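See below for the structure under consideration.
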Amino acid sequence: MIETLSLDGTWTLKGPKKINIPAIVPGCVHADLHREKLIPDPYFRDNEKLVQWVGEKSWTYSRSFEASESMLERDRVLLRFDGLDTLAKVTLNGKVLAETNNMFREWEFDVKDRLKVGENTISIVFSSALAYGLDKQKERFLWQTGIGHHRLEGGQWVRKEQSNFGWDWGPMIVTMGIWRSVRIDAFDTAEISELLVKQSLSKAFKKAELEVEATVNLARRTKLSAFVTVSKDGAVVASGEAAVVRGKAKTSLTVKSPQLWWPNGLGEQPLYVVAVSLLDSEGEVISQSSKRIGIRELKLVREKDKWGESFCFEANGNRFFAKGANWIPSDQFDVWGTDERNRDLLKSSVEANMNMIRVWGGGKYERDDFYDACDELGICIWQDFMFACAAYPAFDDDWVANVKVEIEQQVKRIRHHACLAIWCGNNELEHISPILGDEPGQMPWDEYMNLFDKVIGKIVKRNDPQRDYWPSSEHSPVGDRKFSQNPDCGDAHLWKVWHGREPFEWYRTAYHRFCSEFGFQSFPEPSTIETYTNKEERNVTSYVMEQHQRSPIGNSAIIDYMLSWFRLPVGFDNTIWLTQILQGLAIKYAVEHWRMNKPRCMGALYWQLNDCWQVASWSSVDFFGKWKALHYAARNFFNPLLVAGVEDLDTDSVAIHVVNDLLEAKSLSINWKVVDVEGRELETGSKKIRAGANSTGVFKTLKLKKLVAKHGQRGLIVKLALKDGRKVVSENLVTFARPKHLTLEDPKLSVKVKKATRGSFDVTVSAKKPALWTWLELKGIDARYSDNFVHLMAGESQTIRVTPQIKTTAIAVKAALRARSVFDTYQEI
Ligand code: BMA
């Protein structure tokens with residue numbers, strides 16, 4: 001069996017200023033310097049500026065290790081790096097072993113003749129990727145977004161996390177280091193180096209054929225065979241054997257009545273383990289490898305239809321509306337973006353009824369645990385390759401050769417995951433006009449197409465033949481490719497709202513087939529802002545807060561849209577919370593429209609799910625995992641059963657839509673309540689409906705001409721509720737007028753706090769008058785809320801389960817508790 005010596009753990013880091021400190025591998029220089037208090041918290045205030053020097057220098061990681069005689073006697077002794085960020089020179093026992101230049105590649109070196117029994121030394125010199133990129137840019141300029149504002153130049157020359165160089169939501173801190181594990185693997189005879197599992201399901205999904213192909217890394221020629229099992233919860237459901245021929249062992253296995261893997265909201269996520277044991281001629285097991293898979297058919301469907309060409313995903317024969325968001329690195333430094341944090345974010349996305357996450361092309365390929373979590377949670381993955389918003393040196397053969405290995409390795413590493421829905425070539429290289437073209441600094445179309453259509457397309461086809469590949473996001477497959485936002489086909493990045501400053505109503509004019517990016521900004525909550533500012537800096541246009549706002553139009557766009565929808569808030573705290581309410585309203589506007597228009601539109605992935613530091617951004621979950629108002633709204637507008645109203649200002653009517661994403665028809669009832677702004681009920685009603693499986697439709701139109709004539713459009717509020725029996729499964733609110741023009745009265749909110757289970761408290765908030773966007777906040781106590789930013793009509797109350805992150809009492813909760821609604825945001829303090 002294989003013998004492994006891990007070289008993770010404590011190393012030594014040496015660098016400028018005679019720095020010589022302990023270092024932790026995997027990790028990076030900034031994390032090591034920060035741990036040793038040689039640099040301040042890079043995320044506090046404008047400390048980002050104080051740590052720039054680190055990325056401009058070279059740093060050396062070194063350690064010694066013992067190699068045993070038995071290990072060095074093995075047939076093969078391999079030094080393996082899972083990830084070196086990025087430009088590294090590796091020296092073993094004083095002799096240069098290799099130079100590496102790609103953060104996203106695994107590096108393997110035969111060191112059998114380079115090691116000696118006993119103590120060995122290894123050192124790795126990392127040189128500045130920043131300096132390298134800048135030099136290359138001087139040699140030959142390549143266009144990119146954000147130069148001179150939120151991105152350092154030259155990142156496109158280096159196969160490294162592009163957002164490390166800064167983005168319109170992230171700091172410009174270019175790091176380096178041994179960011180993934182290091183080990184020495186030694187073995188005799190052979191090891192299993194790859195496992196490919198192809199699956200085909202019978203028409204009725206009652207039987208699954210699994211083709212298992214194990215690739216063997218031979219150290220010597222001998223007769224080998226492979227024993228393959230497929231098991232579920234430890235019980236073998238199929239097994240088979242195959243001889244190793246020309247380094248491969250192939251066998252087909254049948255799984256009868258397989259438990260199918262489904263995206264979140266459509267079913268469960270049963271996972272099977274495919275395990276292969278490599279046997280030598282004596283039948284001894286000399287190597288083992290296993291992959292956890294989901295048995296399912298998950299594919300992209302592009303068919304001609306009355307609107308053009310569809311772009312939708314299908315799971316086990318069922319087309320589904322993709323609901324989710326775009327994922328960016330969960331920290332500027334990979335080592336700080338832990339598996340635990342990633343899993344918490346993914347759990348938050350499932351709790352918000354998401355079924356798809358796009359791993360965006362300006363970040364990094366995530367760790368195995370990320371994809372494992374998505375398998376377990378039913379989060380389908382749209383996986384970009386790591387190219388974004390820049391022209392790339394595809395004219396450089398060495399660069400292309402380097403990329404080819406990267407793509408192949410990443411495809412082989414991630415391809416077996418049940419969650420993986422599609423590979424995508426890049427982010428926005430066809431969307432942002434200055435990137436492609438024949439002018440200096442641009443990437444010629446033929447070079448672009450050669451790389452993303454041919455080179456990368458072929459590698460995906462060869463190594464993951466059953467998965468769809470999409471050359472770019474956004475991309476229009478029909479008609480003029482230069483028009484990458486064709487509404488009749490492909491996917492689209494819709495930024496007319498926000499970057500284009502169009503009103504939220506613009507969303508209702510957009511009928512694109514699949515919206516893979518659209519977004520609106522907000523600030524993180526006050527308790528998060530307190531972690532990167534001093535008290536006197538808590539104003540959105542203070543120097544420090546502007547350091548944590550990277551969008552060139554950020555603050556002005558937020559305020560502009562805010563004044564178009566809401567009354568001017570009073571005070572910093574109210575302003576911050578109102579930016580979140582506004583963000584939630586914007587994205588709700590978009591998503592509800594596209595869901596009401598399925599199957600014409602079959603996907604809405606908003607920009608962005610998470611943050612990589614504390615910042616004003618498009619995220620719905622902030623850097624500390626705290627849900628913004630948008631994330632609570634997302635849980636409602638992504639709910640498989642959705643009731644939504646579309647007001648018509650010309651006819652004073654409200655069309656009540658019901659969307660059912662479930663694969664079964666549902667007998668439900670729609671309920672409506674029309675009240676005046678003081679909360680008096682003017683009209684109520686309900687209607688039994690049958691919502692077909694995977695359907696959408698208008699089930700009632702409220703004709704409110706008379707009420708409008710009496711109360712005016714500014715005088716009415718319509719509350720909608722969808723019930724499954726007595727259970728409310730979806731609620732919504734419709735007004736003819738914008739909230740700023742509703743003359744709301746003080747809702748006189750009151751709260752009752754009752755101890756609940758496991759350190760939680762049930763807080764019942766009641767309103768005497770309509771209380772729109774009512775939210776709870778525990779001052780000074782971090783907590784999770786089962787809901788927030790709810791609409792309460794007069795006399796209504798709602799109980800919210802509050803779970804403080806620390807052990808505390810009902811009295812302390814009561815004392816720290818604050819209940820507010822949008823009415824409070826503009827009350828003189
Ligand atoms: C799109 C994304 C990101 C960017 C976002 C907000 O371009 O692909 O590059 O952060 O818009 O501007």
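All ligand and atom numbering here is 1-based and tracks the order in the structure. In what follows, every heavy atom counts, from backbone to side chain, and hydrogens, waters and symmetry copies are set aside. All values reported here derive from a predicted model rather than from experimental measurement.
Applying the ring-ring contact (aromatic ring centres under 6.0 Å, His included) test between Y507 and each of Y589, W594, Y606 identifies W594 as the sole match.
Contacts of ligand 1 (protein heavy-atom distance under 4.0 Å) are W167, D168, W169, W360, C389, N427, E428, W495, H499, E517, W607, W618.
Looking at residues two or more places apart in sequence or on another chain, you find a side chain to side chain donor-acceptor pair (under 3.5 Å) between H417 and D375. Legend: residues meeting ring-ring contact (aromatic ring centres under 6.0 Å, His included) with F624, ordered by chain and number and at least two apart, are absent. Scored by the side chain to side chain donor-acceptor pair (under 3.5 Å) test, T531 finds Q614 as partners (sequence neighbours excluded).
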F566/W773 under ring-ring contact (aromatic ring centres under 6.0 Å, His included): CA gap, chis, key distance, verdict: CA-CA 12 Å; F566 290 97; W773 287 283; 5.4 Å; yes
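R358 places no side-chain N or O within donor-acceptor distance of the main-chain N or O of L605, the cut-off being under 3.5 Å.
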